[in-house]
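Note that these values count all heavy atoms, side chains included, but never hydrogens, waters or copies made by symmetry.
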Amino acid sequence: GSEMCIRDSSVFWKPGWQGTPDDEFLPAVEAATRGDRWVVDGNYSRTRSIVWPRADTVIWLDYGFLRVFWQLLRRTMRRSLRQEVLWDGCRETLAKQFISADSILWWCIKTYRRRRRNYPGVLARPDHAHLSVHRSGSPRELRRWMEAEERARGASDVQPGENEPRPVEGRRGEPRMDEGRGKETT
């Protein structure tokens, strides 16, 4: 079957940075992960009970705080200065990121340690025993692992391109889905 790449943020955010209520958001995630082959690129813990039972692999991007924050800062600055259009017309602004309580930068500072500390326990739960977990400490390590996976399959199932998850561009220290019937990247 064909593969689908779902970015949690693109499903969640509505115009003006209005979040989608769970009674709409969770069914949308459930519908998007019904197929045989999908990728969820995201880290919304509220979707875990839907996504993880259907996933076969979790890829945890366990990068250090300085790398995570630097990449997030660079991405946020680029998006703000270029006024890049994100989901449903949403745009990041310097004001929101530097003086708002809703800043993704502040979110990173507040949640990084807790999330990094909690993921081993979450991943070790019996209801997640079916998952193949790859914990990557750097983009280079992730790239090597992905290349080895492709060699083991004999050919790449996921070709590089626009719809390929880009592990260096999301919030770090949290689950993110990556390739497969369902692979979560954290």
Side-chain angles (χ1 to χ4, degrees), residues 3-22 24-26 28-29 31-33 38-48 50-51 58-116 118-119 135-143 146 158-180 182-186:
E3 293 181 2
M4 178 182 291
C5 180
I6 306 112
R7 294 195 187 272
D8 278 358
S9 293
S10 68
V11 177
F12 183 74
W13 293 111
K14 293 186 175 208
W17 292 105
Q18 297 300 308
T20 301
D22 281 353
E24 292 175 42
F25 178 55
L26 298 177
V29 171
T33 58
W38 44 266
V39 174
V40 175
D41 175 9
N43 55 14
Y44 289 82
S45 59
R46 69 180 65 155
T47 66
R48 190 178 298 145
I50 297 168
V51 175
V58 173
I59 302 171
W60 178 4
L61 302 181
D62 187 22
Y63 300 166
F65 177 78
L66 291 178
R67 172 180 284 280
V68 170
F69 191 78
W70 173 246
Q71 289 179 174
L72 186 59
L73 177 63
R74 277 191 3 218
R75 183 192 74 183
T76 300
M77 292 295 293
R78 184 194 73 237
R79 287 177 172 177
S80 297
L81 294 173
R82 294 181 183 173
Q83 284 296 286
E84 292 179 20
V85 177
L86 301 173
W87 312 282
D88 257 343
C90 295
R91 297 175 195 262
E92 292 183 2
T93 64
L94 292 176
K96 181 174 182 162
Q97 300 311 321
F98 289 100
I99 60 174
S100 168
D102 293 331
S103 165
I104 194 169
L105 300 171
W106 182 239
W107 176 88
C108 177
I109 292 168
K110 288 188 315 186
T111 65
Y112 175 84
R113 282 193 177 125
R114 175 176 45 89
R115 293 181 185 284
R116 192 175 201 196
N118 291 344
Y119 276 113
R135 185 174 182 174
S136 176
S138 71
R140 179 179 298 156
E141 182 182 328
L142 177 63
R143 193 170 30 256
M146 291 177 73
V158 178
Q159 298 297 316
E162 283 183 29
N163 292 329
E164 182 181 34
R166 296 181 185 185
V168 297
E169 293 201 357
R171 293 178 182 170
R172 300 300 184 267
E174 280 213 33
R176 295 168 48 109
M177 294 302 290
D178 202 19
E179 67 176 284
K183 297 188 180 186
E184 175 113 76
T185 314
T186 57

Atom [atom1] of [X] and atom [atom2] of [Y]: how far apart are they, to the nearest 0.5 Å?
X	Y	atom1	atom2	result
Gln83	Thr93	CD	OG1	7.5 Å
Trp107	Leu105	CH2	CG	11.0 Å
Ser136	Trp60	OG	CH2	11.5 Å

Taking only residues two or more places apart in sequence or in another chain, which ones pass salt bridge (Lys or Arg N to Asp or Glu O under 4.0 Å) with Arg143?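 Salt bridge (Lys or Arg N to Asp or Glu O under 4.0 Å) list for Arg143, sorted by chain: empty.
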
Which residues pass the side chain to side chain donor-acceptor pair (under 3.5 Å) test with [X], sequence neighbours left out?
X	value
Asp22	Arg46
Ser9	Tyr44
Glu84	Arg78
Arg135	Asp62

Which heavy atom of [X] sits nearest to which heavy atom of [Y], and what is that distance?
X	Y	value
Asp8	Thr47	OD2-OG1, 3.8 Å
Gly16	Cys90	N-SG, 4.0 Å
Ile50	Leu26	CD1-O, 3.5 Å

Any side-chain heavy atom of [X] sitting closer than 4.5 Å to one from [Y]?
X	Y	result
Ile6	Val29	no
Val51	Trp38	yes
Pro139	Tyr63	yes
Val68	Arg116	no

Under the rule for side-chain contact (heavy atoms from CB on, under 4.5 Å), what residues qualify as partners of [X], not counting sequence neighbours?
X	answer
Thr20	Phe12, Lys14, Glu24, Phe25
Arg74	Trp70
Ala101	none
Leu81	Met77, Leu94

Mind checking what makes ring pair (Phe, Tyr, Trp, His ring centres under 6.0 Å) contact with Phe65, not counting sequence neighbours? Phe69, Tyr112

Considering only residues two or more places apart or on different chains, which pairs with a residue in residues 88-99 satisfy salt bridge (charged side-chain N to carboxylate O under 4.0 Å, His left out)? Arg79-Glu92

Can you tell me if Arg114 has over 12 outside heavy atoms packed within less than 6.0 Å of its CZ?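 Enclosed: over 12 neighbouring heavy atoms sit under 6.0 Å from CZ of Arg114.
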
